Amino acid sequence: MFYRSHVNGILRLKDVGQKVTLIGWVQRKRNLGSLMFIDLRDRSGIVQLMIKDPTKVPDIKNEFLIQIQGIVSKKAVANPSLSTGEIEVEVTTLKVLNESDALPLIVDDVTDAGEDIRLQYRYLDLRRRPMQEILMTRSKIVQAFHSFFAKHDFTNVETPLLTLSTPGGARDFLVPSRLTPGSFYALPQSPQIYKQLLMIGGFERYYQIARCFRDEDLRADRQPDFTQIDVETSFLSQDEFLSLMEEAIRDVFKSVKGISLPQPFPRLSYETAMALYGTDKPDLRFDLPLSNVPNIIKVAYEKAGFESAHIKGLKLANASNMLSRKVLDEWVTFVKPFGIKGLVTFKHDQGQLQSSFLKFVPPASVEELTRLLNLKPGDVYVVASHTDMHVLNTAMGILRTRGAKLLNLVDEKKVAITWVTDFPLFDTNEEGQLVAAHHPFTRPQDDQLSLLKTQPKKVLAQAYDLVINGYEAGGGSMRIYDKVIQKQIFALLGMSEETIQKKFGWFIQAFNYGTPPHGGIAFGLDRLTMILAGTDNIKDVIA
RNA sequence: GGACCAGUGGUGUAGCGGUUAACAUGUCUCCCUGUCACGGAGAAGAUCGCGGGUUCGAUUCCCGUCUGGUCCGCCA
């Protein structure tokens, strides 16, 4: 059967007079009595059909699949919102190929349905242009990565999905084994160990579009089943590797959306990121840094009997109109779960500093405080404190984001990209035991090896995250390839020789056979797609 | 594991002690020759998520429960 001569979206003025056969879904019909228009949609776009005598064609409803023959003709008045808007197709014959029931959602650029209905009828949701564009964007991203890796001599290798559980990290998804009842395969949280084995196996440059599984709760930007662009190389220093990966990301943004990213990407140390933005994945589309408070405030906190171990401030310029009592109450409620007892606010209003907290500040110091805070009329300074620096940072970091949204400081068109580097090698858990901040195979920075024995908490790692618009879009590290250092790390992590052998023995053994220096990264394909498609919901970028 | 929010015609919302349960959109019927979110007239369509309680009376208040969402924990 002959289905069509053209796709709908490519017809233009130059085609006027052509006889065409088209196929598509009825997006909308406008029946004017003895004249009817139909918007006919296929993947390529929409073209308007014109039917001179609607009584001569079968009954048509939305989302019917129809095939028509007709003549392309010029429209008297063009529709500029349509790429085919200068022409229409005058229908000579019309055939219904398949009917549709009444629809549970509007199939159009903007739909009326909520998320659960869209997911229940995903096939209808996917007919909508924004959804098609998102998945095409995702496909283009993957293609851009493939061509970058091909150009740079990477080998695409597939690693197992039914694997041995490796300790640490997220909860594993488990698959029962048929041949060994009572035993289970784990689905990989990432191909981490496999890609390191590939380096030991001499591949030098590996990548994979890798499906990963983590049995943890969802978030708006987190799905238990997700895709990583997984990369590992040998014989590259961290700087060499990062600049190669920058090139990949620049290629992707350029070829997918025509966006030029800076060269090189800015870098921010973990320490600076935490101090200025309270998070290791700051949204840098706006600045709005956190600040240390003047000592006068610290003294006043002590006087007021407030927690004063760690205090931070956030200056919101021109915010007094937006920061109503109600919004501030919301903020107070919001920081409560973090253990922050209240927010102290200072406003500059009617020529002077105003705050209910000023009663704890000696009158003689008010003027100095006013000068130190340097608030202009309308500015607001929000202060909070906590015993734990990290908790305070987290809460203030989130308030920073809220403040930026409230004050409309976020430029949605901007792409703010940065490497966050110099992560600590270790965290400390509740029992005071050192735990790997990234994973136990992360290489310490070369000049800090001696600190491992004396002050391990201070040791920085050759680890890095790629942060785009406040999303962790990728993360990785250089790996340890020296088995003496590896043993030292395991010991610091409190693992006995026996535990090491039991948990990683088969992997560690590979390090006895000429392991090359190596390291890698994994980019989150879903998050990259979210950023490039401009959505904040991960479900939008997954079919 | 915890907190919060939401479940009302097909869809999206309003109503929050007594309503003929409202509006928009969709659906159906009729009219319409230049629409492009076509327009006009009319109609149908809802045991207000489920169970219990309070009350003379519950969609509305309370308790429980289920479902969905957001966040905290968690995500080396």
Side-chain angles (χ1 to χ4, degrees), chain A residues 27-40 46-54 59 61-63 73-82 84-88 90 100-121 124-125 166-172 189-190 192-193 212-226 281 330 333-339 391 394-395 398 401-402 423-427 429-430 434-442 461 463 472 475-477 489 493 503-504 522 524 536-539:
Chain A
Q27 167 115 2
R28 186 172 274 124
K29 75 172 177 185
R30 293 174 290 278
N31 192 343
L32 278 62
S34 53
L35 183 66
M36 181 163 79
F37 299 99
I38 289 172
D39 291 339
L40 189 71
I46 285 172
V47 70
Q48 174 167 286
L49 307 180
M50 194 266 282
I51 295 160
K52 276 200 166 149
D53 186 356
D59 201 21
K61 292 180 187 128
N62 283 349
E63 296 307 310
S73 62
K74 184 175 189 281
K75 273 162 79 168
V77 182
N79 177 359
S81 62
L82 228 48
T84 60
E86 290 188 291
I87 56 102
E88 64 189 359
E90 198 179 324
S100 168
D101 286 349
L103 296 156
L105 53 83
I106 294 175
V107 180
D108 205 342
D109 289 6
V110 178
T111 188
D112 58 340
E115 189 177 82
D116 49 343
I117 297 293
R118 287 175 53 209
L119 289 169
Q120 188 183 342
Y121 298 95
L124 294 177
D125 190 40
T166 47
R171 208 173 285 119
D172 285 319
Q189 299 174 24
S190 91
Q192 182 61 37
I193 284 180
C212 304
F213 306 88
R214 293 178 190 173
D215 189 8
E216 299 292 345
D217 289 355
L218 302 95
R219 285 288 186 279
D221 67 344
R222 213 164 76 192
Q223 192 74 354
D225 163 354
F226 62 102
K281 45 181 166 74
E330 273 172 28
T333 315
F334 173 76
V335 296
K336 220 170 230 167
F338 291 90
V391 173
T394 307
I398 298 171
T401 312
R402 293 197 158 205
F423 281 83
L425 189 63
F426 298 109
D427 280 339
N429 68 10
E430 304 88 54
L434 292 181
V435 292
H438 187 53
H439 61 58
F441 314 114
T442 303
E472 183 192 328
S477 65
I489 300 286
L493 291 171
K503 287 184 170 180
F504 307 105
D536 55 9
N537 184 345
I538 198 167
K539 295 195 192 87

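Letters go in sequence order (proteins before strands), and every chain restarts at 1. Predicted model, so just to flag it, every value in this text is computed and none were measured.
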Across all strands, who's sitting opposite [N] as a Watson-Crick or G-U wobble pair, both distances under 3.5 Å?
N	value
B:G73	none
B:G12	B:C23
B:G39	B:C31
B:A6	B:U67

What is the distance, to the nearest angstrom, from the [atom1] atom on [X] to the [atom2] atom on [N]?
X	N	atom1	atom2	value
A:Asp39	B:C38	CG	C1'	11 Å
A:Asp217	B:A3	CG	C1'	13 Å
A:Asp215	B:C75	CG	C1'	11 Å
A:Glu115	B:G12	CD	P	12 Å
A:Leu218	B:G73	CG	C1'	14 Å
A:Gln192	B:C75	CD	C1'	15 Å
A:Glu216	B:G2	CD	C1'	15 Å
A:Asn31	B:U29	CG	P	11 Å

Just compare [options] and give me whichever is closest to any side-chain atom of [X].
X	options	value
A:Lys75	B:A37, B:G34, B:C75	B:G34
A:Leu32	B:U11, B:C36, B:C38	B:C38
A:Arg28	B:C75, B:A37, B:G34	B:A37
A:Asn79	B:U11, B:U25, B:C36	B:C36

Sticking with atom [atom1], work out how far [N] lies from [M], rounded to a whole angstrom.
N	M	atom1	result
B:G18	B:U59	C1'	12 Å
B:C5	B:G9	C1'	24 Å
B:C48	B:G7	C1'	10 Å
B:G53	B:A14	P	30 Å
B:U67	B:C75	P	25 Å
B:C62	B:U25	P	34 Å
B:A43	B:A6	P	35 Å
B:G34	B:G40	P	15 Å

How would you label the contact of [X] with the nucleic acid (heavy atoms, under 4.0 Å): base, sugar-phosphate, or nothing?
X	answer
A:Gly85	nothing
A:Val435	nothing
A:Met36	nothing

Side-chain N,O ([X]) to OP1/OP2 ([N]) below 4.0 Å:
X	N	result
A:Lys61	B:C28	yes
A:Arg30	B:C38	yes
A:Asn537	B:G69	no
A:Arg219	B:C74	no

On the side chain of A:Arg222, is there an atom forming a donor-acceptor pair with the base of B:C75 - under 3.5 Å, no angle test?
yes

Between A:Ala437 and A:Asp59, which is nearer to the 5' end of RNA chain B once each is assigned its nearest nucleotide?
A:Asp59

Quick check on RNA chain B: between A:Asn62 and A:Pro440, whose nearest nucleotide comes earlier from the 5' end?
A:Asn62

Does the side chain of [Y] come within less than 4.5 Å of [X]'s, by heavy atoms?
X	Y	result
A:Asp221	A:Asp536	no
A:Asp39	A:Arg30	yes
A:Leu82	A:Ile46	yes

Specify the closest pair of heavy atoms between A:Ala463 and A:Thr442, including all atoms of both residues, with the distance to one decimal.
CB-CG2, 4.2 Å

On a heavy-atom basis, the closest approach of A:Leu493 and A:Ala436 is CD2-N, 3.4 Å

Ion pair present between A:Lys61 and A:Asp59, side-chain N to carboxylate O less than 4.0 angstrom?
yes

Please walk me through it: do A:Glu86 and A:Lys74 pass side-chain contact (heavy atoms from CB on, under 4.5 Å)?
CA-CA 6 Å; A:Glu86 290 188 291; A:Lys74 184 175 189 281; 6.0 Å; no

